[in-house]
Colleague: 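After the structure tokens below, expect a handful of questions from me.
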Amino acid sequence: MTLDQQSTGRLTRMDALQNQAMAQAQVRRRAAERQRIHAALKRIEEGDYGYCTDCGEEIAPARLKADPAIPRCRECMA
Ligand SMILES: [Zn+2]
């Protein structure tokens with residue numbers, strides 16, 4: 001019974017650590033997404049929106065429709 005309680009305690013701590021790691025990953029993902037959107041808005045302001053940030057080619061409308069904040073064309077993203 002004592003052993004069971006100990007292993008349960010370990011599992012709970014591991015769950016807590018895992019949840020914390022997942023929460024941190026989500027915060028990072030959200031920050032990255034905000035950064036992406038911010039960069040896209042800046043490109044709109046500067047008139048560069050819709051053009052690849054690497055090669056300057058026009059990004060296919062279908063790509064922009066699927067992901068309006070996408071920064072690069074298919075070739076440069078690959
Ligand atoms: Zn490109």
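Worth knowing before you read on, the calculation uses all heavy atoms, side chains too, and leaves out hydrogens, waters and symmetry mates. Note that ligands are numbered from 1 as they come in the structure, with each ligand's atoms numbered from 1 the same way.
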Colleague: Does R72 offer a backbone N or O that forms a donor-acceptor pair with the side chain of R63 under 3.5 Å?
Modeller: yes
Colleague: Would you mind reporting whether E58 and C73 have side-chain heavy atoms less than 4.5 Å apart?
Modeller: no
Colleague: If you measure from CD on Q20 to CZ on R13, what distance do you get to the nearest 0.5 Å?
Modeller: 13.5 Å
Colleague: Could you give me a count of protein N/O/S atoms that are under 2.8 Å from the Zn ion (ligand 1)?
Modeller: 4
Colleague: I'd like to know whether OH of Y51 has more than 12 heavy-atom contacts from other residues, nucleotides or ligands below 6.0 angstrom.
Modeller: no
Colleague: Might you point out which heavy atoms bring I70 and I59 nearest each other, and give the distance in Å?
Modeller: O-CD1, 3.8 Å
Colleague: State which residues pass side chain to side chain contact (heavy atoms under 4.5 Å, CB included) with E33; sequence neighbours excluded, sorted by chain then number.
Modeller: R36, I37
